[in-house]
Structures are given as structure tokens and as C-alpha cells.
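Just so you know, residue 1 is the first one in the sequence shown, and it goes up from there. Every number for a ligand or one of its atoms is a count from 1 in the order of the listing.
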Amino acid sequence: MSFGLVLGLVAAAGAASTTLVTELAPDVHFIAGTFIEGRQPDGNSVIFGAPEGLIVIDTVRHREHTQDLLDFARESGEPIKAVINTHWHLDHIGGNILVRQSDPGVRIYASSAIEDAMTGFLANYRTQLEDLIVSATDRPEDQSQFRTELALIEAGPQLAPDEVVTRSGPRHIAGRELVLNLETRAVTAGDVWVLDPASGILAAGDLVTVPVPFFETACPERWAMALQELSDGKFTRLVPGHGDPMSRGAFERYRTGFSRLLACADSERTDEDCADGWISDLGSLVAEADDQRVREMLRYYMDTSLRGDPANVAKLCEA
Ligand SMILES: [Zn+2]
């Protein structure tokens with residue numbers, strides 16, 4: 001049984017990228033996630049300066065990437081006062097543990113969806129990891145990756161929020177006003193996206209992921225509805241969960257491509273045809289070098305989600 005690309009162990013091709021802190025607007029910084037062959041991905045992070053300290057959107061998975069966040073905070077001389085987790089996937093929340101160690105006063109905001117994930121998806125993944133550790137005795141490097149991953153899940157309560165986001169609306173966090181929006185049953189059972197009215201920057205989490213959407217825990221139909229809500233948000237620049245920050249125009253290309261991908265999956269057209277459509281709809285958002293892996297990932301998601309087990313998808317869509 002495979003848990004796929006986001007939380008699982010399918011190696012992805014792609015160039016290694018070095019971490020880079022980019023200033024998106026005054027007091028708003030972006031740290032790019034990674035998607036490197038043979039390793040699980042890291043999501044993107046956004047850091048907002050606030051009167052009382054820093055607000056970090058997503059703490060990512062790998063220790064060295066979380067360390068970049070901590071180094072940024074140290075250099076700025078500000079404590080991390082708040083973390084907002086867009087959703088419970090480990091490539092977005094794994095670093096909560098390190099941040100809690102370095103900044104014990106931090107408050108973590110997220111939806112309550114991790115509770116069910118801990119007894120469902122992540123419990124299954126844990127069992128899978130335990131089996132993999134046993135079977136990888138002759139591959140110490142793999143084994144060490146599995147152990148690191150297992151340790152994240154075992155840290156359970158440290159990953160969970162201190163402040164559960166139960167509805168959409170403006171919030172004062174560390175003295176800065178941000179608008180937190182809750183989507184239920186989209187990428188996961190509870191996704192939070194964040195709009196900063198001062199800068200016009202929107203942190204979308206995995207509601208927007210390039211080069212392909214990750215469907216492992218998703219309700220595709222409701223995800224498409226959530227994209228409509230993002231589109232209604234007053235933003236000028238959008239930071240996706242994976243991939244480069246994008247303009248409104250680029251986001252609209254993504255949204256159109258997403259709807260058309262779902263429509264294609266519902267039609268008689270072939271998987272290959274649907275992948276062609278996605279690549280053509282997204283245009284320059286999908287790098288030419290990614291063509292092959294995009295096709296592989298879409299084929300995988302056609303099998304497991306879009307054209308896969310309808311009962312499983314229906315369960316993910318249950319309100
Ligand atoms: Zn992700």
C-alpha cells in the first residue's frame with residue numbers, strides 16, 4: 001500500500017534547490033520548500049513580521065529547512081510568537097517540534113483535522129514506516145530517513161495546535177491583523193489559508209501546489225470550491241504550498257487547469273490526454289524539465305483518487 005507523494009515514499013525526480021530567503025513585501029519573507037529526488041518534499045514557508053515577534057506559516061519537515069527558519073528569526077532578533085499550519089501534512093508541520101524547543105512561548109494555530117489524521121492516515125503511515133524500517137536493514141540511509149519520519153509522528157501532541165481555527169475571519173496574532181480562512185474537506189479535512197491585508201499576500205498552503213495538486217487526502221470537488229474562495233480573496237500575490245510565489249493571473253491559470261483536470265477525469269478521455277491538458281493549461285507554471293514527473297504523478301492520482309476508489313473519495317468528502 002502506498003501513501004503517495006506527499007506523505008509517502010515515492011521518489012520524485014527534480015533538481016536540488018538551495019534554500020533562499022526572499023523578501024516578498026516589507027516584513028514578509030518567503031523560504032522556498034524543496035522537492036528533491038529520493039527525499040520527501042518540504043513545503044514553502046512565509047514569515048510575517050509583527051509588533052510582538054514573528055508569525056511563521058508552516059514549519060516544514062526536514063530539520064535543516066526548519067533550521068533556516070530559526071536562523072532567520074535569530075538574525076532578525078525577534079522571537080517566533082506564532083505559527084500557523086495550513087494543514088497537517090508532515091511537510092508543513094514537522095518543524096513544529098523544533099520551533100517549540102527554540103521558542104517555548106510560541107502559539108500554534110491550525111484546524112483540528114490532525115486529530116482524526118493521527119488515528120487514521122498517520123496511524124497507517126506509522127505502521128508502514130515500522131515495516132519499512134525492518135525491511136531496510138541493508139540500507140542504513142533509507143532506514144535513517146524512515147526513523148526520522150517515524151519520530152515526527154511519535155511526537156504527536158507537539159505537532160498539534162494550541163489554538164484551533166474553527167471559522168474564517170480576521171484575527172489579531174502577535175499584534176498583526178491577518179485573515180484566517182478555514183476550508184473543510186479540501187486538500188485535507190481542515191485547510192487554513194491566510195490573507196495579509198497590509199501586503200496583499202495570500203499563503204494558500206497545498207490548496208495551490210505546483211507542478212501538480214497532491215490528492216492523497218483530498219476531496220477534489222470541495223477543493224475546486226475552495227479555489228473559488230481563494231479567487232474571491234483580495235490578494236495581489238499568492239504563495240502556494242509548493243512552487244514559486246505567483247501573480248493573480250498565474251493563480252487563475254492554476255484554478256482553470258484544476259477544474260478542467262477534474263472534468264477530464266470524469267470524461268472518457270485518456271489519462272495521457274488529461275495530463276496534456278493540465279500541462280497546456282498551466283503553461284509556464286510547469287517547467288519543461290518537470291514534464292515527465294508531472295505525467296507520472298497525474299497518472300498516479302488518476303489511479304488512486306480522480307479515477308480511483310469512489311468509496312474512498314466519498315469518505316474524504318463527507319462533511
Ligand atoms: Zn505539502
Side-chain angles (χ1 to χ4, degrees), residues 2-14 17 19 30-47 56-66 68-69 83-97 99 108-111 113-114 117 121-122 125 145 148-149 152-153 159 161 181 183 185-194 202-220 222-223 226-227 230 238-246 251 254 258 285-286 290 293-294 296-298 300-301 304-305 316:
S2 167
F3 289 94
L5 298 154
V6 177
L7 302 122
L9 306 151
V10 179
S17 65
T19 304
F30 165 72
I31 301 185
T34 54
F35 204 166
I36 299 170
E37 180 159 17
R39 248 167 80 111
Q40 291 155 308
D42 264 325
N44 289 329
S45 298
V46 182
I47 306 169
V56 173
I57 315 288
D58 288 343
T59 56
V60 307
R61 164 190 259 131
H62 294 112
R63 179 172 273 267
E64 59 273 28
H65 186 163
T66 305
D68 290 332
L69 289 170
V83 164
I84 303 168
N85 290 138
T86 56
H87 61 296
W88 59 261
H89 290 172
L90 295 178
D91 54 330
H92 299 262
I93 68 166
N96 288 4
I97 301 162
V99 174
I108 297 186
Y109 295 72
S111 80
I114 192 169
F121 197 99
L122 287 173
Y125 183 35
Q145 276 203 49
T148 305
E149 192 81 341
L152 290 182
I153 301 173
L159 299 173
N181 298 275
E183 307 290 344
R185 310 276 164 187
V187 182
T188 66
D191 303 309
V192 176
W193 55 275
V194 181
L202 189 160
D206 279 5
L207 290 164
V208 182
T209 56
V210 174
V212 298
F214 298 146
F215 287 103
E216 276 90 349
T217 58
C219 172
R222 291 186 66 105
W223 186 342
L227 292 179
L230 285 180
L238 181 146
V239 178
H242 300 263
D244 294 334
M246 54 178 80
F251 165 72
Y254 176 89
F258 189 97
L285 286 174
V286 174
D290 278 339
R293 82 162 160 161
V294 163
E296 275 166 32
M297 287 192 278
L298 287 178
Y300 172 80
Y301 288 127
T304 55
S305 171
L316 292 167

Could you pull out all residues at least two apart from Phe30 that satisfy ring pair (Phe, Tyr, Trp, His ring centres under 6.0 Å)?
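Applying ring pair (Phe, Tyr, Trp, His ring centres under 6.0 Å) to Phe30 gives none.
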
Do you know which N/O/S atom name in [X] is closest to the Zn ion (ligand 1)?
X      : result
Asp206 : OD2
His242 : NE2
Asp91  : OD2

For Ser45 and Thr59, indicate whether the former's side chain and the latter's backbone hold a donor-acceptor pair under 3.5 Å.
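No, Ser45 side chain to Thr59 backbone: no donor-acceptor pair under 3.5 Å.
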
Any side-chain heavy-atom pair from Thr66 and Val99 closer than 4.5 angstrom?
yes

His92 N/O/S atom closer than 2.8 Å to the Zn ion (ligand 1):
yes

Only counting residues at least two apart or in another chain, list the ones meeting side chain to side chain contact (heavy atoms under 4.5 Å, CB included) with Thr304.
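Side chain to side chain contact (heavy atoms under 4.5 Å, CB included) check on Thr304 returns Tyr300, Tyr301.
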
